[in-house]
Amino acid sequence: MRHGLKEQVISLHRERPKATSQELADILGCHSAYVRSTLRRSGLSLYRAHNARLSPSIKVIVSDEYAAALEPHAEKRALSVPQLVDRLIGVITSDNLVDPLLDDGVAA
């Protein structure tokens, strides 16, 4: 496992207390079993909503080329590439930056 992954699991769990272990694992790029056991050993528990997905998520495919280009930026922030991509998408959407970034003339 990556150095500091335990701290990343705990930190992300605190940021997203209603996320499932699989959602956290997808963002961090690790196994959901690792997330569950890390939280359990740290005295934390996952939110349990009987089959309710309060914060739905999707998987995003990033090419190896782009993932490699993002790696130094993720490392500087002690993040995994999937975690950095999640944060980037969060900033892009919350700051309404899709149209200015794409600059493809589609914005009306």
Side-chain angles (χ1 to χ4, degrees):
M1 284 288 145
R2 292 187 311 271
H3 178 70
L5 184 57
K6 174 183 174 182
E7 291 78 17
Q8 290 179 3
V9 168
I10 293 168
S11 175
L12 189 60
H13 172 65
R14 289 187 175 134
E15 288 175 22
R16 298 166 177 247
K18 294 184 179 181
T20 66
S21 62
Q22 188 60 57
E23 289 168 337
L24 297 174
D26 288 346
I27 292 169
L28 294 169
C30 65
H31 294 284
S32 62
Y34 179 80
V35 170
R36 286 190 305 274
S37 64
T38 298
L39 293 175
R40 185 175 53 250
R41 284 191 312 264
S42 300
L44 301 169
S45 59
L46 287 161
Y47 176 78
R48 297 190 192 275
H50 302 284
N51 297 323
R53 294 196 58 148
L54 300 176
S55 179
S57 64
I58 62 168
K59 290 191 178 192
V60 176
I61 298 171
V62 177
S63 71
D64 290 341
E65 176 186 357
Y66 293 147
L70 289 171
E71 185 66 35
H73 301 285
E75 286 179 3
K76 283 193 291 189
R77 293 162 177 83
L79 302 172
S80 66
V81 170
Q83 193 174 15
L84 178 64
V85 168
D86 183 68
R87 289 190 179 184
L88 286 169
I89 291 171
V91 170
I92 289 167
T93 56
S94 66
D95 292 351
N96 200 24
L97 295 173
V98 174
D99 292 328
L101 286 172
L102 291 180
D103 193 27
D104 56 6
V106 175

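Closest heavy-atom contact between S80 and Q8: N-OE1, 4.2 Å.
Heavy atoms from other residues, nucleotides or ligands lying under 6.0 Å from CG of D95 number more than 12.
Using a 4.5 Å heavy-atom threshold, the side chains of T20 and L46 count as separate.
The distance from atom CD1 of I92 to atom CG of L101, rounded to the nearest 0.5 Å, is 5.5 Å. The CG atom of L79 lies 11.0 Å from the CG atom of L70; values are rounded to the nearest 0.5 Å. Taking CD of E23 as the reference point, atom NZ of K18 lies at 12.5 Å (rounded to 0.5 Å). The CD atom of Q83 sits 12.5 Å away from the CG atom of D26 when rounded to the nearest 0.5 Å. We find the CD1-CG distance between I27 and L84 to be 12.0 Å, quoted to the nearest 0.5 Å.
Side-chain N or O atoms of S45 include none that pairs as donor or acceptor with a backbone N or O of L39 at under 3.5 Å. Under the 3.5 Å distance criterion, the side-chain polar atoms of S11 are left unmatched by any main-chain donor or acceptor of E7.
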Stepwise, does the side chain to side chain contact (heavy atoms under 4.5 Å, CB included) test hold for S42 with H13? CA-CA 11 Å; S42 300; H13 172 65; over 6 Å; no

How far apart are the C-alpha atoms of L5 and Y34, what are their side-chain angles, what is the distance that settles it, and do they pass the side chain to side chain contact (heavy atoms under 4.5 Å, CB included) test? CA-CA 10 Å; L5 184 57; Y34 179 80; 3.5 Å; yes

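Note on residues 64-92: pairs passing salt bridge (Lys or Arg N to Asp or Glu O under 4.0 Å), not counting sequence neighbours, are E15-R87, R16-D86.
At a threshold of 4.5 Å between side-chain heavy atoms, the hydrophobic network of Ile, Leu, Val, Met, Phe, Trp and Tyr places V60 and Y66 in one connected group. When the side chains of ILVMFWY residues are joined at heavy-atom separations under 4.5 Å, either directly or via intervening members, L97 and I89 end up in two distinct hydrophobic clusters. In terms of hydrophobic clustering, with Ile, Leu, Val, Met, Phe, Trp and Tyr side chains grouped at heavy-atom distances under 4.5 Å, I58 and V62 are assigned to a common cluster.
Each of V35, L24, L44 was compared with V9 under the side chain to side chain contact (heavy atoms under 4.5 Å, CB included) criterion, and only V35 meets it.
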